[in-house]
Amino acid sequence: MEIYLDANATTPVLDAARAAALSAMAEDYGNPSSIHSTGLKARALIEAVRERARKLLGAGNGRLLFISGATEGIQTAVLSALHALRSRREAGDTSAELLLYGATEHKAVPEALKHWNELLGLSLQVQAIPVGRDGRHDLDWLRQHAPRAGLVCTMAANNETGVVSDLAGIEAALQGSATFWLVDGVQALGKLQLDLATRRIDYAPFSGHKLYAPKGVGLLYVREGAPFTPLMAGGGQEGALRSGTENMSGIAALGAVLEALQDGKSFRDHATLVRFRDRLADALREAFPGLVFNAPLEQALPTTLNFSVPGLASRLLLDLFDAAELRVSGGSACSAAKAQPSFVLQAMGLPDEQTASAVRLSFGPAADEAFIIEACERIRVCGETLRANCLAPGGGNLPLPGNGISRYLLDGECCWLVADADKRQCVVIDPLAGLVERLAQQLRCQGYPVVGVLATDASHEAACEALRAAVPELLAAPASLVRQLPLSQGRSAWLLGDERQVRVAFIGQASVEELGTAVQPATLLAASRDLDNQITSTPSSQLAGPSTPARSLDPQSLHELLKAHPDALVIDVREPFEQRLGQAPVLEPAVAIEAVPVSRLLNTLPAWLAMPAERPVVFFCRSGNRSLVAANLLKRLGHEEAYSLAGGLALWPQRTPAAADPALYV
Ligand code: PLP
């Protein structure tokens, strides 16, 4: 069962909300603008939901409009404020020079400011309000700039860190300024008491899907008397402020959520949520020694925990959690080759290592005790899995003897570890400064004497020295696990295998021409840079040039392929820690699965390439990305029958219920 801990991205739909939406679709399906009885019923429903929202948000005499979601609300508010600023300017008031937004604001806000500023020809200066290390706005800065501001945008609570803004402090800083004030209430809905009308807030947008309503419905609060310009003109719905036939099922569902908020039965109170948060925080600290929280918990929503485990990339943690069926999100958006650090954490002044390893865990206020207990248990298992795979930077790792070639990748740069279990020896080739700690940890878990820390060129020498210094107890007299092939300008390649059959050549950045006759057409070439995630090539594949991409199979095509080829190989290319935690696909007809992580493909490629050409090899992983890399590689190296499972395990209809059954694997 999945444990969904990404509520700040979106939530599931509350049962009562689903029922209300279905009823609005099936029974009360009227158009609220119609004057017949069916229409009147729909109108009554809308107004009842609006009244409920008015009470819950403390909207007083302000306007509450039903909209599609916060992004629309933000556009409408920004357009309204900027249009009013233009009128003020035309009337001779030029005091507004700045459009200000919190540096950690959701992208929708600065993008809307820039968009409408340009479209309305205002040319005001769009500027970020700095935040402190605690994620809160710099109120002194705001006080200084407020007199020149035309619009100030500050969120009530941050989506990445949960940091709750000091709205009273912001309001005080705006005193004396004629600026408009937008408060993005998206993450506060149902979690903070807002009492909108008691403040000078002009606009506050909300999205239903962040609080158990479906996507596509939201609310915009507009203070009584605040300027308003419709974003959408048309049939005059919502008092002509927002035209377009109302999203009745969405509004009905939102109404059911608001009702649940009022009756207090479905949602936990603040103290309970704090208790849940503390349990999760304890479980995280215990599972990942050295973990740091990226925002002070006591100033954040109790439903959001943003943390980093120094030394562990957020991508690895995300894969680990996902394999344990714990859905969390990166504090940073990850791209395939290079992690993009979170601008929110950067704005808070966190060091790069911390932003690159951030993870956000968020739950909704409808979470119950059993859910939190299960989440804590899975977090514990994740910690255990890290230690069993020698990945815990905080220590406590278990011994992990290794064999063969493993690749370590950092921002497109590769380092190689070659271990020989029979000889109990290993060498490291082209270590990287950013990987020294990780490699040292791996070498200690492996426990083999290190008979070489080798470089293909001088750029790796410093990292070689650092690695040697990190594991002095493991350094042994040089031994010939790999052979040196001197190249020009002091560079080298390192060859594995005997002269007649070099299995692998670690070539650094040398070209195949430089290797000359020292390698054979089928020698696997392992480079020290791999920005396109090619993993390896051979002299003959380089000669052959590009090949067509491998095919991705949907479940039905895979079923047919396995029926036609019972000898097909099915390979799980996820990392061992994911395989240990994760599920495997239930294949029909049943076929044994081989576990070969992408980082260790070089060990098995020669055997696969030696198989009969018609024997299919199907790779799978979590999302279909890594398996496609592996399938393309095998195809490029000459085995045409290479496939990837489309969409990976995430889209696979049937999976083993618990951790991978060892019987499924060969
Ligand atoms: N504001 C905040 C704080 C958010 O978290 C989000 C969504 O992530 C938005 C605005 C945009 O909401 P939507 O995508 O529902 O329009």
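Counting starts at 1 for both ligands and their atoms, following the listed order.
- The aromatic rings of Phe267 and Tyr212 sit tilted, their planes meeting at an angle between 30° and 60°.
- Here the side chains of Met248 and Leu45 are in contact, with some heavy-atom distance below 4.5 Å.
- Here Ala70 has heavy atoms under 4.0 Å from ligand 1 in both its backbone and its side chain.
- For the pair Lys41 and Tyr29, the cation does not sit on the ring face, since its NZ or CZ is not both under 6.0 Å from the ring centre and inside 45° of the axis.
- Counting heavy atoms from C-beta on, the side chains of Arg360 and Val328 never come closer than 4.5 Å.
- We find that Arg63 and Glu238 are not joined by a salt bridge, their nearest charged nitrogen and carboxylate oxygen being 4.0 Å or further apart.
- Between Glu72 and ligand 1, not a single N/O pair is under 3.5 Å apart.
- Distances below 4.0 Å separate heavy atoms of Met155 from the following atoms of ligand 1: 3 (C).
- With a 4.0 Å cut-off on non-hydrogen atoms, Lys210 touches ligand 1 through its side chain and not its backbone.
- Looking only at protein heavy atoms, the nearest one to atom 5 (O) of ligand 1 is Gln187 NE2, 2.9 Å.
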query = What do the steps show when you test Thr304 against Asn8 for side-chain hydrogen bond (donor to acceptor under 3.5 Å, both in side chains), and what is the final call?
reply = CA-CA 8 Å; Thr304 306; Asn8 286 10; 2.9 Å; yes
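- Residue Thr71 approaches ligand 1 through these ligand atoms, each under 4.0 Å from one of its heavy atoms: 11 (C), 12 (O), 13 (P), 14 (O), 16 (O).
- Sequence neighbours left out, the pairs with a member in residues 218-228 that pass side-chain hydrogen bond (donor to acceptor under 3.5 Å, both in side chains) are Asp202-Arg223.
- Using a 30° and 60° split on the angle between ring planes, Phe321 and Phe288 fall in the perpendicular class, above 60°.
- Nearest protein heavy-atom contact of atom 2 (C) of ligand 1 is Asp184 OD2, 3.4 Å.
- Considering only non-hydrogen protein atoms, atom 4 (C) of ligand 1 sits nearest to His106 CD2, 3.4 Å.
- When each atom of ligand 1 is checked for a heavy atom of Ser207 under 4.0 Å away, the hits are 12 (O), 13 (P), 15 (O), 16 (O).
- Ligand-side atoms of ligand 1 in range of Asn159: 3 (C), 5 (O), range being under 4.0 angstrom from any heavy atom.
- Here Lys215 has no heavy atoms under 4.0 Å from ligand 1, in either its backbone or its side chain.
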